[in-house]
Structure formats: C-alpha cells, structure tokens
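In what follows, a structure is listed as structure tokens, so that the remarks can point back to it.
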Amino acid sequence: MTIEEEILLFEVAWGNINTQFETWIAITFAVIIASYVAGHKLKPTLQILIAALYLLVTTLVVSITLGTASFVTDVAGASAYDTANLYDLMISLVRGGVFLVGTIATLIFIFKGHRDVEEDS
C-alpha cells in the first residue's frame, strides 16, 4: 500500500469516526431533551427501557468507532498512524472522555433530569 493510499484510508476512517460521533451527539441530546420534557410522565419501566436502548446505541457507536480504527491498523498497518500527531491523539482522548462522561450524564438525566411540573388540582 502506498503512502497516498494509507493517507486516504486514514482520512476516510476519520470521516467515518466523526460521522459516528456526530450521530451519537445528536442521539444524546435527543434523549436529554425528551427526558427533560416528558420524563415526569414516564413510568420507571419506560425510563429503564430508554436507558437500556441508549446504552445499546452508545455501545454500538463506540464499537463501530473502535472497529474502524482496528480496520485501518489491519489494512494499512501501524504506518498509517505514523502521520498522526499530538493533535490527533488529543482528539481521540477527548472523544473517549466525551463518550464516557456524556453517557453517564445522560443516564443520570433520564432518571433525575425531568422538569418539575406542578400537579393539577
């Protein structure tokens, strides 16, 4: 594989990873907004179902992200990552942190983050 092909593969992989991350961010905000607006109306079993579905989607997105990175390593070898710099490493670490903290915060929000609505008399 030529260096140009490795760079192209690396760029396509980063694009795929970024798309998966953007999809996860959109899903996360949708769950947070839905929990805030309608959370007070949801029964605990539905909250658990939403949390489980959210965890499954998060697991899927993280798996696709890791699979893409693994695919690049398998196809292009470690040399594809030789072009990566400190900036790319920071992006990867921060993205992982956002996945972790965002998932935990969203799960908390599903159960505790709904708006307070006064009971109708």
| query | Quick one: do Ile64 and Val61 end up in the same hydrophobic cluster if we chain Ile, Leu, Val, Met, Phe, Trp and Tyr together by side-chain heavy atoms under 4.5 Å apart? | reply | no

| remark: The side-chain hydrogen bond (donor to acceptor under 3.5 Å, both in side chains) partners of Thr103 (sequence neighbours excluded) come to none

| remark: One should read off an interatomic distance between Ile104 CD1 and Leu100 CG, to the nearest 0.5 angstrom, of 4.0 Å

| remark: Residue set satisfying side-chain contact (heavy atoms from CB on, under 4.5 Å) with Leu56, at least two apart, ordered chain then number -> none

| Atom pair CD/NZ of Gln47 and Lys41 - distance to nearest 0.5 Å | 14.0 Å

| task | Scan for side-chain hydrogen bond (donor to acceptor under 3.5 Å, both in side chains) pairs involving residues 89-99, sequence neighbours excluded, and state none if there are none. | result | Asn18-Arg95

| remark: Sorted by chain and number, sequence neighbours left out, ring-ring contact (aromatic ring centres under 6.0 Å, His included) with Phe99 holds for Phe21, Trp24

| query | Can you name the residues that form a side-chain contact (heavy atoms from CB on, under 4.5 Å) with Leu49, not counting sequence neighbours? | reply | Leu46

| query | Can you get from Ile17 to Val57 by hopping between Ile, Leu, Val, Met, Phe, Trp and Tyr side chains that sit under 4.5 Å apart? | reply | no

| query | Just how far is it from atom CG of Leu107 to atom CD1 of Ile50, taken to the nearest 0.5 Å? | reply | 11.5 Å

| Can you name the residues that form a side-chain contact (heavy atoms from CB on, under 4.5 Å) with Ile48, not counting sequence neighbours? | Phe111

| request: Please identify each residue that fulfils side-chain hydrogen bond (donor to acceptor under 3.5 Å, both in side chains) with Thr65, with sequence neighbours left out. | output: none

| task | Give a yes or no on whether Leu60 and Ile110 share a hydrophobic cluster (residues Ile, Leu, Val, Met, Phe, Trp, Tyr; joining criterion: side-chain heavy atoms under 4.5 Å apart). | result | no

| request: Determine whether Val62 and Ile25 fall in the same hydrophobic cluster, where Ile, Leu, Val, Met, Phe, Trp and Tyr are linked whenever their side-chain heavy atoms lie under 4.5 Å apart. | output: yes

| task | Run the numbers on Thr68 and Trp14 for side-chain contact (heavy atoms from CB on, under 4.5 Å), then give the verdict. | result | CA-CA 9 Å; Thr68 300; Trp14 267 107; over 6 Å; no

| remark: Members sharing Leu8's hydrophobic cluster, built from side-chain contacts under 4.5 Å between Ile, Leu, Val, Met, Phe, Trp and Tyr, are Val12

